[in-house]
Amino acid sequence: TKQISYLWSVVQLWDFGSILQRCKNSTFQEKIKPEYLGRVFSLKGSIVSLAMPVGLILSGILADKIGANHWFLISGMLIIGIVINNRKLI
């Protein structure tokens, strides 16, 4: 049952992420002129593609130095702090 619980959590997080992505894309489509949308989405995709390997490398180094459990706790708190700090942008 532990694996089913874990799988269910992953599915819920995945679904929540897709909801956020749709909201973000809708906001982009409302705020950005149609002739610039392709450029903006392309730039966003490039930044995300670049950020993933950099983030994984840094996370691996930090997890080795302070332990994976501590790193997950710290990174989770950082993400929550960023969301709270930027909630006025949403």
For this session: Mind checking the CD1-OG spacing from Ile74 to Ser59? Nearest 0.5 Å is all I need.
Result: 11.0 Å
Which side-chain N or O atoms in residues 29-54 pair as donor and acceptor under 3.5 Å with protein atoms at least two apart or in another chain?
from  : atom 1 : to    : atom 2 : distance (Å)
Lys44 : NZ     : Asn25 : OD1    : 3.4
Ser46 : OG     : Ser42 : O      : 3.1
Ser49 : OG     : Gly45 : O      : 2.9

Distance-only check: which donor-acceptor pairs under 3.5 Å involve side-chain atoms of residues 76-84, not counting sequence neighbours?
none

Exercise. How many angstroms lie between atom OG1 of Thr27 and atom NZ of Lys24, to the nearest 0.5 angstrom?
Worked result: 10.0 Å
Seminar exercise, completed: Interatomic distance, CH2@Trp71 vs CG@Leu58, rounded to 0.5 Å, equals 7.5 Å
